Every structure is written in C-alpha cells, then in structure tokens.
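Scroll down for the structure; my scribbles are underneath it.
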Amino acid sequence: MIVQVCIIGAGPAGLLLGHLLRAEGIECLVLERQSPDYVLGRIRAGVLEEVTVGLMERLGLDARMKAEGLPHDGFNLADGERLIRIDVKELTGKDVTVYGQTEVTRDLMEACEERGLQVVYDAGDVALHDIESDRPSVTFVKDGIEQRIDCRMIVGCDGFHGPSRKAIPSGMGTEYERVYPFGWLGILADVPPCNHELIYANHARGFALASMRSDTRSRYYIDVPVTEKVEDWSDERVWDELALRLGPDAALNITRGPSIEKSIAPLRSFVFAPMRHGSLMLCGDAGHIVPPTGAKGLNLAASDVHYAADALIRFFKRDDADAIAGYSDTALARVWKAERFSWSLTRLMHRFPDDGPFERAMQMAELDYIAGSRAAQTSLAENYVGLPL
Ligand code: FAS
Ligand code: PHB
C-alpha cells in the first residue's frame, strides 16, 4: 500500500493529525497497536486548552465538547490553610474546558469512517524502515499477515513507549529527563465534584488534586511513593487521604463512592530533541512527557499536531520543503516552556522526600507571594490556559 503519510498511534495526537491531513486531501493511514476499546479505556487528561478546543472546532468535531464540556474560568491552589483562586479568565481573557481525553478520542474515532480516515487497529509488530531516505516504509502484522506501507513521511504519534523515537539512530538526538520520586494515584468515581473548580493541594501529608469529568463524575489524585501498589489502596483509604489533604472545606463537600477506575501513573519530565529525523516527525508523548501537574500533556500533543499538520500541508500542497525542516524548532519552542511550567508547578505543589525545612519554607513563601501578587497570578494563569502558538 502507498500513502503520503503513515501515522503511528491512534491516540489523540494520531487521530487529530490524521483528520487534519485527510481534510486537506493528503492520503494518510493510521496504525494502532491496540483495539478501539482498549484506547478508550485509558483514563488520562481532563483539562483542554483553547489550542486543543480550537483544533476540534477546525475539524467540526466540537459539538459534544461544547454540549458536555465544562468551561472553567479559574483553578485553586491549597496549602492546608487557605484556598488561593487563580482567576484565569479575568487575568488572561481565556478559559479552559474540562472534557476528558477519552471523550476527545471518542469524538475523533467516531468521525473516521464518515470522513474516510483509515485506521488499522490491532496492528502488531509495527516497524519503521529507511527513515533517513525520502522513501521510508512501515511494516506491521495484522491477523497474522505482514503488511507494508510505503510512504513519503512517517509521523510517530505512538506515545512514550512506542517504536518511532526508538527508530532514530543513537547519537542523532538528545534526551532530557527528570524522573520524580512519586507517582499519582488517580481515582474516577460517579460522584459529584467537591468543588466547581479544580483544587491543587500541597499538604503536609502530600499532594492532592480534585478534578472532574462532569457534574456527576469526579477525578481525584494523590501522590504516592513510586513503590506503592494500587491494590494496597482501598477506595476508603483513598477517600480518607483526599479528605485530609484537600483541607477541611473541601473535605466537607467530598462525596464518596465506588471507584470505576483506579491506577498509579509514574511522573517524569522528558524531551527528545530534535523532534524530526529524516522523514520521521515525532508528535505528542512520542517526543516529550510532562508531569500532569500543569495539565499540559494532551495540550502539548495538540500544539505539536497543529505545527506538524501545517508543515505537512505546506510540503505536500505547496511543495514547501522548508516547512518540514522547521517543524522541530517550532514545536520545541512551545514544548520547553510547557516543560518548565509543569516542572515548576510540580516543585511547588509536592513534598519531595529529600526536601528539608528550607525547601518547605521556599514553597510557603512562593504560595504567599502568589496569594498577594497579580503579576505572579497572571504568570500562572497564562501558562495554565496555554501560551500562544
Ligand atoms: P498516547 O500515549 O495517548 O497515544 C499513543 C498511541 O500509540 C496509543 O494509542 C498507543 O496504543 C499507540 N502505540 C503505542 N505503541 C504502538 C506501536 N508499537 N504500534 C502502534 N501503535 C502504538 N495529560 C494531561 O494533560 N493531563 C492529565 O491528567 C494526564 N494524565 C495522564 C495519566 C497517565 C497514566 C498517562 C500515561 C498520561 C497522562 N497525561 C495527562 C498525558 C497524556 O494525556 C498524554 O499527553 C496524551 O495521551 C498524549 O497523546 P498522544 O501523544 O497521542 O499519546
Ligand atoms: C484530570 O482531570 O485528570 C487532571 C486535571 C488537571 C491536571 C491533571 C489531571 O493537572
């Protein structure tokens, strides 16, 4: 089979890019290792920047998001004593939309057939070939039969553990990484949220986040040592810890209920640069990872896709070879700023095992400064709603 672009991975990055290219008449095909149900079963991001909403609007796939998504004008930082509200709407003129990544992926998936976007699910043993040439190919196994896709460009949207980044010969890129000494235990439950906006809490017992998916479905997190096992955390133990860490007011409003999903995710900051090698471009988690503290992961994938789609459309439809050459620098300029924000908010809101009284005093001083400074709140707000493209 011959296509212009072969996309590896049918998560949000792969499907967003596939639809954008298909809408421009660029022949592409998406290869996904898992089944559709498996992809939809992964519970991940919940907060969308206007960049991500804008791509869904551009595709005309924003109807359900507009009907069911929750526009949020602010978020809160808690430190056990007080709640510091960051009024992002007043400070930046922008808001964020609370709408689960699962729903974004579902909306994109359901549009594939009617829009003619080819996605091959359950594609095993995906391998990239001749990525340094202008005639690369991808092989995979489907129903026991090996198949080959010849293409002009490959875009790796296959997440942190996918084969794309690993296909780049060693020494042809640089890895920047920080692994955090804790993970986030997340719980999803069909109970009303304890607050109408998100609360990020730095408590003596540790970090907690109160989020939601709707007015009837809540998403909560606490940080736990990386050695913890989710089976050691009963629902009751999680609810008890959340009530302690989120503070007395929030605790009074927590509605407990059985978890419908509960898992522990490791936290890391990671960037692979450059995000292009020959005929291979990387988008989303294939190129970078942020700790979820700043709600940037999915939104960075969306901005990568915005840049990658623009470059590929200019390359294929206007014969502009420079477009692809410029992709990595353009994408990384925004990636690094989001990496900084996610790292700094993680530093501010978590108790690190090696921290002593001085580090704790610095956290308290920074929260005090934020509480009293419009400039500090504006800086937080403009990063939270997403920096300009
Ligand atoms: P994805 O990982 O979503 O998609 C990659 C796709 O490639 C997957 O469908 C995978 O099956 C497929 N793939 C992998 N290997 C393949 C192969 N060999 N062949 C074919 N296909 C292959 N971000 C936030 O903003 N907020 C959050 O709260 C948040 N929570 C998270 C919790 C967890 C547990 C994780 C892991 C991530 C979280 N993230 C969060 C980040 C997450 O949302 C990502 O940023 C987002 O999924 C990025 O989308 P993609 O780049 O499409 O990668
Ligand atoms: C979520 O709702 O899953 C969520 C929200 C904000 C974050 C991380 C996760 O920073």
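Just so it is clear, the structure is predicted and the values come from calculations on it, not from any experiment. Remember, it's 1-based here, ligands and their atoms both numbered in the order they're listed.
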- Message: Between His288 and Asp304, do the side chains contain a donor N or O and an acceptor N or O under 3.5 Å apart?
- Response: yes
- Quick check: does any side chain N or O of Lys296 sit under 3.5 Å from a backbone N or O of Asn383, one acting as donor and the other as acceptor? yes
- Item | Residues forming a side chain to side chain donor-acceptor pair (under 3.5 Å) with Asp95, sequence neighbours excluded | none
- May I ask you to decide if Ile26's main-chain N or O and Glu24's side chain share a donor-acceptor pair within less than 3.5 Å? no
For residues 182-191, which side-chain donor-acceptor pairs fall under 3.5 Å, sequence neighbours excluded?
unit_1, atom_1, unit_2, atom_2, d
Trp184, NE1, His350, NE2, 3.0
Asp190, OD1, Arg217, NE, 2.6
Asp190, OD1, Arg217, NH2, 3.2
Asp190, OD2, Arg217, NH2, 3.2

- Query: Thinking salt bridges, do Glu49 and Arg334 make one under a 4.0 Å N-O criterion?
  - Reply: yes
Pick out the protein N or O atoms lying less than 3.5 Å from any N or O of ligand 1, and list each pair with its distance.
unit_1, atom_1, unit_2, atom_2, d
ligand 1, 2 (O), Arg44, NH1, 2.9
ligand 1, 3 (O), Arg44, NH1, 2.9
ligand 1, 9 (O), Glu32, OE1, 2.7
ligand 1, 9 (O), Glu32, OE2, 3.4
ligand 1, 9 (O), Arg42, NH2, 2.5
ligand 1, 11 (O), Glu32, OE2, 2.7
ligand 1, 11 (O), Arg42, NH1, 3.3
ligand 1, 21 (N), Arg33, N, 3.1
ligand 1, 25 (O), Gly297, N, 3.1
ligand 1, 25 (O), Leu298, N, 3.3
ligand 1, 43 (O), Gln101, OE1, 2.5
ligand 1, 45 (O), Asp285, OD1, 2.9
ligand 1, 45 (O), Gly297, O, 3.3
ligand 1, 45 (O), Leu298, N, 3.2
ligand 1, 47 (O), Arg44, NH1, 3.1
ligand 1, 47 (O), Gln101, NE2, 2.9
ligand 1, 51 (O), Asp285, N, 2.9
ligand 1, 52 (O), Pro12, N, 3.4
ligand 1, 52 (O), Ala13, N, 3.0

- Run through ligand 2 for me and note each protein residue having a heavy atom under 4.0 Å from it, chain first, then residue number. Arg44, Gly46, Val47, Trp184, Leu198, Tyr200, Leu209, Ser211, Arg213, Arg219, Tyr221, Pro292, Thr293, Ala295
- Answer yes or no: is there a donor N or O on one side and an acceptor on the other, between the side chain of Ser373 and the main chain of Ile370, under 3.5 Å? no
- Item | Flag, side chain of Gln4 to backbone of Glu27, donor-acceptor distance under 3.5 Å | yes
- Query: Will you find, in the side chains of His72 and Thr97, an N or O donor that is under 3.5 Å from an N or O acceptor?
  - Reply: no
